[in-house]
Amino acid sequence: MPQMKKRKHIHNRISRKVLIVLGLLALALLAVLLVPPLIPPSEDCLQRSLATMERADYYEVYLDGKPLFRLDDYENWTTANIVVCPIDSNQIDYAHRQHVSATWARRTLSPFCHGRLFVAGADTSQWNSRMTSGTPQLLRQQLPVLQQRITALEKRIDELQYFLRVHNVTDEGFNVIANYKLLTEEQLENIKQVVALISNSANVKRMQTHLVQEYTLLYNDSTGTEQRLPCHILKTDTINGNYLVQTKDRWMPDSVCAVYNVAATRNLRHQQDSLFCLPADTINARILTENGGYLGEITYLNNNPIPNGHGIMHSENGKIYDGMWTNGLRNGFGVSMDSDGTLRVGEWIDDIYQGERLTYTVEHIYGIDISRHQHEKRKKKYNIHWNQLRISSLGTKSKKRISGKVDYPIDFCFVKSTEGVTVRNKYYAADCRQARRYGIHVGSYHFFSLKTKPEEQAHSFIRHSSFPKGDLPPVLDVEPTESQIRNYGGTEKLLNSIRTWLQIVEKKVGVKPILYVNQHFVTKHLAEAPDIKRDYQVWIARYGEYKPDVRLAIWQLSPDGRVTGIHGEVDINIFNGYRDQFEEFLEENCIK
């Protein structure tokens, strides 16, 4: 018995020692877990705890738990990007994206970061609760909006297709327009499918909408290249809109210093937010404005970011500008598309559109127009040497971007036939005959007078002109001054007279004539005659650096060109398109 008591006493002493050791170890462990969070992190650790995240917000519409489509803006369907599920689009961004700051975080009882970050999100609980019950009614309200968008997108596609048809891959902006056309066609198809989905009244009653947020870590690898790593949400504080997220596979950079006290980085994160959560040496940023958003290169003016360099601006009314900026103003080459489909490709100066600047090459189709002035100069008479005709100069009245030497063949020639009811060009018949002989496409034009009736002028032109098969369409040349238009009786009367002449000649010759006017007349007067712009080809005179800002068949780009074989200055014209389009134009419009 004494031996047993001794053994029991020894065992109790060992147990007490073990308990003391275990207690000390537990205290040490608690100290390891509880004391570090109380120690303020160093300034260096705070800086290395910051991270940049991309938050993608989008709305997803469900039917019986199955996702139907996504969109980036539920409040304004007139401009929202919409993609039908399943998502197979590589172009349309169906989410609203913005950079937000984040902090690499440790938890009090878990000293390891394991790729966890604290990030500010948004309170989605009330929104989702509201949409669960209100989705059907809101969806029905969008049907007329989407129908209007379909019309607008179809017009935009028509404008983009027209640009591509009269340009080729060597022209500035061609690839940009081609990409926008594909994007617009894809968006149109998505919207048509959505209209079909929500037009079904039986199904729309069971539809629900939820706001979804996704997070992606942005970081630079060892080469300085930006990388993207998906994250998933671990815990949501739906009241304050705070999220705890974790990177894929719990990955984190070696240089990271995770902190316990996330609040300690609040001031640093606020400074980071003011810089759009981007490194200081990064010039690409996303700027949200009251009327839309900008993505591209920026600079800072009075600590405010402004577009500077290349960037894309989207306005809430659907207008897009993709091009160059200088200190917040459009400057240089760009592409602008309005919500109504209007397309402008060319140069801007201090936010004002100038026009498209062509690069002149031998691949373009050039022509001239002539009258007696190419035969008579200061009482001297000159012959035209038709076997020598080559354009040697495009004129010097404006700047021109020319590739190579100017030595262009002449594909077409318009010859003046009549003016008013009394003036006739005595060289007309011979010039037409010679042009045809040397393989130049010929057309006849009439100079309109405000002193005689349009019916009389039309019949005079028909009587004294020739219209053989294969000739170019006849042309009405209208060049009145503003005072002459007022004295004539105003714009409406002049436009009616133009219609009369065009209709009489069209009926007699069998093809629609071409209307020759200048850019000012198109802008100020022809806008009141959409039927003329729609039904007749337009030939526009604009003696400047930029192509006329209107659909046209021919552009008279200079009055002071030079042509080998012709004495003196000659009007130089360029067809709106290349060889294939010119052949189509001849096939569709020449006299049959």
Side-chain angles (χ1 to χ4, degrees), residues 364-376 384 386 389-391 394-395 408-420 423-449 457-458 460-462 464-479 498 501-502 505-506 508-518 521 536-543 548 552-563 565-566 568-577 581-583 585-586 588-591:
H364 284 290
I365 308 299
Y366 300 93
I368 60 175
D369 56 274
I370 60 177
S371 64
R372 70 174 180 85
H373 296 292
Q374 277 63 54
H375 293 274
E376 300 177 2
I384 293 178
W386 291 91
L389 297 194
R390 301 279 294 188
I391 296 174
L394 298 178
Y408 306 147
I410 294 174
D411 279 280
F412 62 91
C413 175
F414 285 96
V415 184
K416 182 177 181 179
S417 174
T418 55
E419 178 178 339
V423 178
R424 295 172 56 191
N425 175 18
K426 62 182 179 181
Y427 301 98
Y428 165 76
D431 284 344
C432 290
R433 185 168 56 252
Q434 287 291 90
R436 296 188 189 102
R437 177 186 175 187
Y438 286 96
I440 298 174
H441 297 281
V442 180
S444 308
Y445 78 88
H446 170 80
F447 190 93
F448 193 76
S449 170
Q457 296 187 60
S460 174
F461 172 70
I462 292 169
H464 298 106
S465 305
S466 60
F467 308 103
K469 180 180 179 180
D471 261 17
L472 295 170
V475 173
L476 176 61
D477 181 349
V478 181
E479 303 182 38
I498 290 173
W501 191 98
L502 293 172
V505 173
E506 177 182 353
K508 177 64 178 180
V509 179
V511 296
K512 291 183 178 295
I514 296 173
L515 177 63
Y516 171 99
V517 289
N518 59 34
F521 189 89
Y536 294 92
Q537 303 270 7
V538 180
W539 175 9
I540 296 179
R542 187 182 188 187
Y543 305 144
L552 74 164
I554 302 168
W555 171 27
Q556 188 178 88
L557 58 94
S558 67
D560 60 336
R562 293 285 178 170
V563 176
I566 298 180
E569 297 177 338
V570 184
D571 294 338
I572 304 297
N573 302 276
I574 185 170
F575 176 76
N576 190 25
Q581 291 75 39
F582 185 62
E583 295 299 330
F585 173 83
L586 297 176
E588 296 173 2
N589 297 279
C590 282
I591 297 172

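Basis for what follows: all heavy atoms, side chains included, without hydrogens, waters or symmetry-related copies.
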Student: Measure the CD1-CG distance between Ile365 and Asp411 for me, rounded to the nearest 0.5 Å.
Tutor: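 Ile365 CD1 to Asp411 CG: 4.5 Å, rounded to 0.5 Å.
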Student: Taking the side chain as everything from C-beta on, heavy atoms only, tell me whether Asp431 gets closer than 4.5 Å to Gln374.
Tutor: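 Asp431 vs Gln374: side chains apart.
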Student: Counting only heavy atoms not in Arg436 (residues, nucleotides, ligands), do more than 12 fall under 6.0 Å from its CZ?
Tutor: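 Yes, the 6.0 Å shell around CZ holds more than 12 heavy atoms from other groups.
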Student: What residues form a side chain to side chain donor-acceptor pair (under 3.5 Å) with Tyr366, not counting sequence neighbours?
Tutor: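 Per chain and number, Tyr366 pairs via side chain to side chain donor-acceptor pair (under 3.5 Å) with no residue.
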Student: Quick check: closest heavy atoms across Gln457 and Ser449, and the distance to 0.1 Å?
Tutor: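 That would be NE2-O, 2.6 Å.
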Student: Closest approach of Val511 and Pro474, non-hydrogen atoms and distance?
Tutor: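 Distance-wise, the nearest heavy atoms are CG2-CD, 3.9 Å.
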Student: What are the two closest heavy atoms between Pro473 and Lys512, and how far apart are they?
Tutor: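 In this case the closest contact between Pro473 and Lys512 is CB-O, 3.5 Å.
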Student: Working to the nearest 0.5 angstrom, can you tell me the gap between Leu472 CG and Ile440 CD1?
Tutor: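 Going from CG on Leu472 over to CD1 on Ile440, the span is 11.0 Å.
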Student: Do we see a donor-acceptor contact under 3.5 Å between the side chains of Ser465 and Ser417?
Tutor: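 There is such a pair (donor and acceptor under 3.5 Å, judged by atom type) between the side chains of Ser465 and Ser417.
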Student: Would you confirm whether Glu588, through its side chain, and Glu583, through its main-chain N or O, come within 3.5 Å as a donor-acceptor pair?
Tutor: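 Between the backbone of Glu583 and the side chain of Glu588 there is no qualifying donor-acceptor contact (under 3.5 Å).
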Student: Are the side chain of Trp555 and the backbone N or O of Asn576 linked by a donor-acceptor pair below 3.5 Å?
Tutor: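 No: the side chain of Trp555 does not pair with the backbone of Asn576.
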Student: How many angstroms lie between atom CZ of Phe414 and atom CD1 of Ile370, to the nearest 0.5 angstrom?
Tutor: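 Rounded to the nearest 0.5 Å, the CZ-CD1 separation comes to 12.0 Å.
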Student: Identify whether the distance between the nearest side-chain nitrogen and carboxylate oxygen of Glu419 and Arg372 falls below 4.0 Å.
Tutor: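 No, this pair does not count.
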Student: What's the verdict on side chain to side chain contact (heavy atoms under 4.5 Å, CB included) for Glu569 and Arg562, showing C-alpha distance, side-chain angles and the deciding distance?
Tutor: CA-CA 6 Å; Glu569 297 177 338; Arg562 293 285 178 170; 4.0 Å; yes
Student: Only one of Phe461, Tyr445, Phe447 passes ring pair (Phe, Tyr, Trp, His ring centres under 6.0 Å) with Trp501; say which it is.
Tutor: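 Passing option: Phe461.
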Student: Testing the basics here: between Ile391 and Val563, what is the closest heavy-atom pair and its distance to 0.1 Å?
Tutor: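 Minimum heavy-atom contact is CG1-CG2, 4.2 Å.
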Student: Keeping Tyr428 on the side-chain end and Ser466 on the backbone end, is there a donor-acceptor pair under 3.5 Å?
Tutor: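 Checked: pair present.
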Student: Do Val442 and Cys432 make a side-chain contact, defined as non-hydrogen atoms from C-beta onward lying under 4.5 Å apart?
Tutor: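 Side-chain contact under 4.5 Å: yes.
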Student: If you round to the nearest 0.5 Å, how far is NE2 of His364 from CG of Leu394?
Tutor: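 Going from the CG atom of Leu394 to the NE2 atom of His364 covers 10.0 Å.
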Student: Output the distance between atom CD1 (Ile368) and atom CG (Asp571), rounded to the nearest 0.5 Å.
Tutor: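 Going from the CD1 atom of Ile368 to the CG atom of Asp571 covers 9.0 Å.
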Student: Starting from the C-alpha separation in whole Å, work towards a yes-or-no answer on side chain to side chain contact (heavy atoms under 4.5 Å, CB included) for Ile384 and Leu389.
Tutor: CA-CA 9 Å; Ile384 293 178; Leu389 297 194; 4.1 Å; yes
Student: For Asn425 and Lys416, indicate whether the former's side chain and the latter's backbone hold a donor-acceptor pair under 3.5 Å.
Tutor: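 Indeed, once roles are kept as given, a pair shorter than 3.5 Å links the two residues.
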Student: Assess, by modelled atom type and distance only, whether the side chains of Asp369 and Trp539 contain a donor and an acceptor separated by less than 3.5 Å.
Tutor: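 Distance-only check fails for Asp369 and Trp539.
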Student: Is it true that a side-chain atom of Glu376 and a backbone atom of His373 form a donor plus acceptor pair closer than 3.5 Å?
Tutor: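 Absent.
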Student: Hey, can you tell me if Phe448 and His446 have their rings parallel, tilted or perpendicular (30° and 60° cut-offs)?
Tutor: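 Perpendicular.
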Student: Do you see a donor-acceptor pair shorter than 3.5 Å between the side chains of Glu506 and Tyr536?
Tutor: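 Yes, Tyr536 and Glu506 have a side-chain donor paired with an acceptor closer than 3.5 Å.
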Student: Kindly indicate, with the supporting measurements, whether the criterion side chain to side chain contact (heavy atoms under 4.5 Å, CB included) is fulfilled by Tyr516 and Glu479.
Tutor: CA-CA 8 Å; Tyr516 171 99; Glu479 303 182 38; 3.5 Å; yes
Student: Could you grab the distance from atom OG1 of Thr418 to atom CG of Asp477, nearest 0.5 Å is fine?
Tutor: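 Output value for this atom pair is 10.5 Å.
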Student: Side chain to side chain contact (heavy atoms under 4.5 Å, CB included) between Cys413 and Tyr438: does it pass, once the steps are laid out?
Tutor: CA-CA 11 Å; Cys413 175; Tyr438 286 96; over 6 Å; no
Student: For a ring-ring contact (aromatic ring centres under 6.0 Å, His included) check, start with the C-alpha distance between Phe575 and Phe585, then their side-chain angles and the critical distance, and finish with the verdict.
Tutor: CA-CA 10 Å; Phe575 176 76; Phe585 173 83; 5.4 Å; yes
Student: With ring-ring contact (aromatic ring centres under 6.0 Å, His included) as the test, would you mind laying out the steps for Phe582 and His441 before giving the verdict?
Tutor: CA-CA 11 Å; Phe582 185 62; His441 297 281; 5.7 Å; yes
